[in-house]
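Throughout, protein chains are lettered first and strands after them, A, B, ... in sequence-line order, and every chain is numbered starting at 1.
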Amino acid sequence: MTVRVRFAPSPTGYLHIGGARTALYSYLFAKAKGGQYILRVEDTDLERSKREFEDAQIGDLLWLGIEHDEGPDKGGEFGPYRQSERMQMYKDIAWDFVERGLAYPCFLTSEELETLTEKANEEKKAPHAYHGKYRDLDSAEAKKRVDAGEEHVIRFKNPGKKWTFTDLVRGEVTFPEDMVGDFVIIRSNGMPVYNFCCVVDDHKMGMTHVFRAEEHLNNTCRQLQIYEALNATPPEFAHVSLLVGEDRQKLSKRHGATSVTQYKEMGYLPGAVTNYLTLLGWSHPDEQDIFDVLDLGDVFDYTRFSKSSAMYDIKKLNFFNEQWLRKLSDEEIAKGFEGALGSDSEFAKQDDSWKQKFSALMKEKVQLFSDIKEHMAVFFNSAADEDEQYKEAISWETTPQVKEYLASQVNELTTEFITEEQVGEWMNYLKKELKIKGKPLFMGMRVCLTGRAHGPDLKTVVALTPISIVKERLS
RNA sequence: GCUCCCAUCGUCUAGCCUGGUCUAGGACACCGCCUUUUCACGGCGGUAACAGGGGUUCAAAUCCCCUUGGGAGUACCA
């Protein structure tokens with residue numbers, strides 16, 4: 001049987017970093033087994049679902065390199081892949097359940113429900129204790145009320161037995177009889193509910209494995225019941241550990257940037273993001289940490305998931321991004337820098353050979369492309385950065401000599417840039433003729449030429465700085 | 001409250017299934033040294049963990065139980 005795994009986001013917002021990880025695991029597993037990875041859109045929440053979010057999520061998934069074999073945007077033999085387009089099927093199945101005595105219409109109003117829940121709470125019973133008021137209503141009577149247009153939901157009749165299944169990451173999990181009550185499968189507005197249509201679709205779409213976050217673990221109890229009513233064999237479940245924030249709570253917006261879109265916009269490399277995300281809850285058998293997850297092949301499997309939740313740590317993500325950045329060519333780095341700096345930046349105005357040299361020099365200095373912003377002043381700002389070390393160097397008695405000599409040399413030049421060789425010659429002159437050496441020589445030249453005590457390799461920096469800037473610094 | 005899940009350095013984790021090779025390995029972060037006559041990169045080194053208590057066993061991070069702690073769910077959201 002060929003493996004089929006799906007990722008089923010609901011388009012109520014941008015793709016969450018945790019969702020991306022589940023998608024990644026699903027995709028990686030499908031590919032490891034030579035199976036298919038399917039994208040299904042769960043848009044049964046009418047108020048919150050938006051097509052623009054669906055488009056954005058698909059875009060982000062593709063950006064990460066997670067390409068689906070079937071989905072709403074490309075079809076497939078198990079379509080449609082948007083739940084809003086499968087409504088009739090859910091309704092038919094729900095009413096079939098009703099006819100088979102597995103489900104029933106329920107006429108509880110929301111006010112009644114509230115009172116009942118309160119009552120259950122007071123009596124320290126499960127909140128769902130009284131949800132079954134209409135479970136034994138005569139079916140003909142129920143039908144009559146439904147036909148008369150009375151508002152109703154359809155509830156699934158909990159058969160009242162223990163449920164056990166073997167989770168791929170957690171092992172055997174058992175739920176007690178009264179874990180859930182008679183739960184709603186069709187809302188009063190006619191829309192099916194997650195636990196129902198998810199199962200219908202996973203079954204109809206031939207899913208063999210389901211990867212989802214641990215928060216869904218308890219839902220499996222309800223879902224198992226639906227599978228049974230469907231006479232279907234449930235897929236294998238893998239409930240992956242949760243991603244949490246610094247406070248150990250489920251990762252959410254208040255923890256900072258949690259959508260893939262944000263990372264894309266901040267200039268993170270998709271390979272770095274997937275690399276880091278994969279390692280939050282899964283480990284490489286060879287204890288490798290920097291690798292392209294898309295090249296994992298059959299190395300990826302579900303035996304190496306960790307069961308405990310993982311704290312999302314942006315510092316480590318940044319480290320991964322840094323490692324991935326280092327592997328890029330100078331051209332690619334240049335493109336990234338330009339993206340971060342903008343097309344009207346000083347960087348963008350330079351020619352290709354300058355950009356490449358600059359990129360080769362600066363790529364070791366950044367974790368993110370956007371970090372380059374902090375380094376631009378060395379090249380384009382004529383004003384000095386007067387920190388302690390700068391002040392010290394500028395006060396050395398030899399520094400005025402250095403500056404005077406450098407100024408005389410630079411002012412003679414009519415080129416746009418100084419060459420590395422010229423800087424070398426000046427250095428030699430200062431050393432031989434003026435007998436300046438050691439720190440006063442090197443640091444002296446640096447502060448005069450670059451206006452600051454720190455920076456990348458002196459000759460290279462100077463050769464990349466517009467001569468007009470250098471002249472201003474020496475004036 | 002009830003149900004379910006989880007528990008190794010501050011963090012991500014290896015090891016656990018198939019007890020001994022674990023004075024617990026790697027990575028991030030942090031600190032120090034070297035390198036760089038700056039900064040960074042890099043190299044080397046360091047601090048730092050088996051939640052607690054009982055068993056089982058010649059032997060337990062590894063198996064069992066309890067306690068404690070954390071998390072998730074408990075919806076006509078997904």
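- Taking only side-chain atoms of A:K315, from C-beta outward, the nucleotide of B:A78, B:A29, B:U38 with the closest atom is B:A29.
- Within a 6.0 Å radius of CD in A:E246, no more than 12 heavy atoms belonging to other residues, nucleotides or ligands are found.
- In this entry B:C58 has B:G20 as its Watson-Crick or G-U wobble partner, both defining distances falling under 3.5 Å.
- The interatomic distance linking A:Q323 (CD) with B:A27 (C1') rounds to 10 Å, in whole Å.
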Let me check something: any side-chain donor-acceptor pairs from residues 373-382 of chain A under 3.5 Å, sequence neighbours excluded? List them with distances.
{"residue": "A:N381", "atom": "OD1", "partner": "A:A383", "partner atom": "N", "Å": "3.0"}
{"residue": "A:S382", "atom": "OG", "partner": "A:E472", "partner atom": "OE1", "Å": "3.0"}

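- Heavy-atom distances under 4.0 Å link RNA chain B to A:A453, A:H454, A:G455, A:P456, A:D457 of residues 451-462 of chain A, given in residue order.
- Residue A:Y194 is in base contact, counting any heavy-atom pair closer than 4.0 Å across all strands shown.
- No donor-acceptor pair under 3.5 Å is formed between the side chain of A:D60 and the backbone N or O of A:Y14.
- Rounded to a whole angstrom, the distance from the P atom of B:G25 to that of B:G45 is 13 Å.
- Under the 4.0 Å criterion applied to side-chain N and carboxylate O atoms, A:D202 and A:R212 are not assigned as salt-bridge partners.
- Atom C1' of B:U13 sits at a distance of 16 Å from the matching atom of B:C22, rounded to the whole Å.
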Give every donor-acceptor pair under 3.5 Å between a side-chain atom in residues 358-366 of chain A and any protein atom, sequence neighbours left out.
{"residue": "A:S359", "atom": "OG", "partner": "A:A334", "partner atom": "N", "Å": "3.4"}
{"residue": "A:S359", "atom": "OG", "partner": "A:K355", "partner atom": "O", "Å": "2.7"}
{"residue": "A:K363", "atom": "NZ", "partner": "A:L328", "partner atom": "O", "Å": "3.1"}

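- Atom C1' of B:C5 sits at a distance of 43 Å from the matching atom of B:C44, rounded to the whole Å.
- Checking A:F211, A:F300, A:Y25 one by one against A:W282, the ring pair (Phe, Tyr, Trp, His ring centres under 6.0 Å) holds for a single residue, A:F300.
- The same atom, C1', is picked in B:U56 and in B:C65; the two are 11 Å apart, to the nearest Å.
- Nucleotide B:C30 forms a pair with B:G46, judged by Watson-Crick or G-U wobble geometry with both contacts under 3.5 Å.
- Straight-line distance between the P atoms of B:U11 and B:G70: roughly 14 Å, to the nearest whole Å.
- As a whole-Å value, the separation of A:K250 NZ from B:G70 C1' is 16 Å.
- Of the possible donor and acceptor atoms, none in the side chain of A:R40 sits under 3.5 Å from a partner among the backbone N and O of A:Q83.
- Using a 4.0 Å heavy-atom cutoff across all strands shown, A:D167 reaches no nucleic acid atom at all.
- The CG atom of A:L441 sits 12 Å away from the P atom of B:U37 (whole-angstrom rounding).
- Looking at heavy-atom distances under 4.0 Å, A:V153 makes contact with a base.
- The NZ atom of A:K161 sits 21 Å away from the P atom of B:U3 (whole-angstrom rounding).
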Please tabulate the protein-to-nucleotide N/O contacts below 3.5 Å involving nucleotides 45-48 of chain B, giving atom names and distances.
none

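- Taking atom CD of residue A:E54 and atom P of nucleotide B:A78, one finds them 16 Å apart after rounding to whole Å.
- Using a 4.0 Å heavy-atom cutoff across all strands shown, A:H239 reaches no nucleic acid atom at all.
- Checked by atom type and distance alone, the side chain of A:H128 never pairs as donor or acceptor with a backbone atom of A:A126 at under 3.5 Å.
- Of the residues near RNA chain B, A:D178 and A:S188, the one whose nearest nucleotide (by heavy atom distance) lies more toward the 5' end is A:D178.
- Residues A:Y104 and A:Y134 keep their aromatic ring centres 6.0 Å or farther apart.
- Following rounding to the nearest Å, A:D45 (CG) and B:A75 (C1') show an atom-to-atom distance of 12 Å.
- For the salt bridge (Lys or Arg N to Asp or Glu O under 4.0 Å) with A:E228, the qualifying choice from A:K157, A:K161, A:R222 is A:K161, the only one to do so.
- Among residues two or more places apart in sequence or in another chain, the salt bridge (charged side-chain N to carboxylate O under 4.0 Å, His left out) test is passed with A:D182 by A:R135.
- Taking atom CD on A:E47 and atom P on B:C76, their separation rounds to 14 Å, with Å as the unit.
- Minimum atom distance to the side chain of A:Q249 is reached by B:G71, of the listed B:A75, B:G71, B:A78.
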Heavy-atom contacts, protein to nucleotides 4-16 of chain B, under 4.0 Å, summarised as B (base), S (sugar-phosphate only) or - (none) per nt, yield SBSS---SBSSS-
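- Aromatic ring centroids of A:Y312 and A:H255 lie 6.0 Å or more apart.
- Under the Watson-Crick and G-U wobble criteria, each requiring two contacts below 3.5 Å, nucleotide B:C4 is paired to B:G71.
- Counting non-hydrogen atoms under 4.0 angstrom, A:L325 reaches nothing in the nucleic acid.
- B:G73 atom C1' lies 15 Å from atom CZ of A:F183, rounded to whole Å.
- As judged by a 4.0 angstrom heavy-atom cut-off over every strand, A:T220 is placed among residues making no nucleic acid contact.
- Looking at heavy atoms from C-beta onward, A:K204 lies in side-chain contact with A:I93 at the 4.5 angstrom threshold.
- Between B:U35 and B:A27, the two P atoms lie 23 Å apart (nearest whole Å).
- To the nearest whole angstrom, the two C1' atoms, one in B:G15 and one in B:G69, are 24 Å apart.
- A gap of 36 Å separates the P atoms of B:C2 and B:A60, to the nearest Å.
- Between the A:W163 side chain and the A:V173 main chain, no donor and acceptor come within less than 3.5 Å of each other.
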